[in-house]
Amino acid sequence: MLTATATATEYVSQAAESAQNETPLTDVEILRRVRRIQSGWSVSERMDRRMEANRRFASLLETLALDHHAA
């Protein structure tokens with residue numbers, strides 16, 4: 001039995017072609033979709049996500065500060 005497989009470059013070119021044919025989303029549409037998703041979050045999930053966002057932001061600032069001192 002023979003099977004055909006696609007190479008990684010074929011996948012990339014297919015993805016690029018489909019992306020070029022799509023209409024880009026506006027900022028308003030993105031915001032509407034985000035708010036629709038967020039509306040389903042519980043209070044505890046909102047708190048968990050906020051704490052994680054704060055942790056990531058602090059980590060980013062620390063990384064940027066270290067890069068600035070190294071330069």
Residues, nucleotides or ligands: over 12 heavy atoms within 6.0 Å of Asp27 CG: no
Partners passing side chain to side chain donor-acceptor pair (under 3.5 Å) against Ser44 (at least two apart in sequence or in another chain): Ser42
Partners meeting side-chain contact (heavy atoms from CB on, under 4.5 Å) with Val28 (sequence neighbours left out): Thr26, Arg32
For Arg55, salt bridge (charged side-chain N to carboxylate O under 4.0 Å, His left out) partners two or more places apart: Glu52
Salt bridge (charged side-chain N to carboxylate O under 4.0 Å, His left out) contacts in which one or both residues fall within residues 33-46, not counting sequence neighbours: Glu29-Arg33, Glu45-Arg49
Apart from Met51 itself, residues in the same hydrophobic cluster as defined by side-chain heavy atoms under 4.5 Å: none
Glu62: side-chain contact (heavy atoms from CB on, under 4.5 Å) partners, not counting sequence neighbours: Leu66
Side chain to side chain donor-acceptor pair (under 3.5 Å) against Ser39, all qualifying residues, sequence neighbours excluded: none
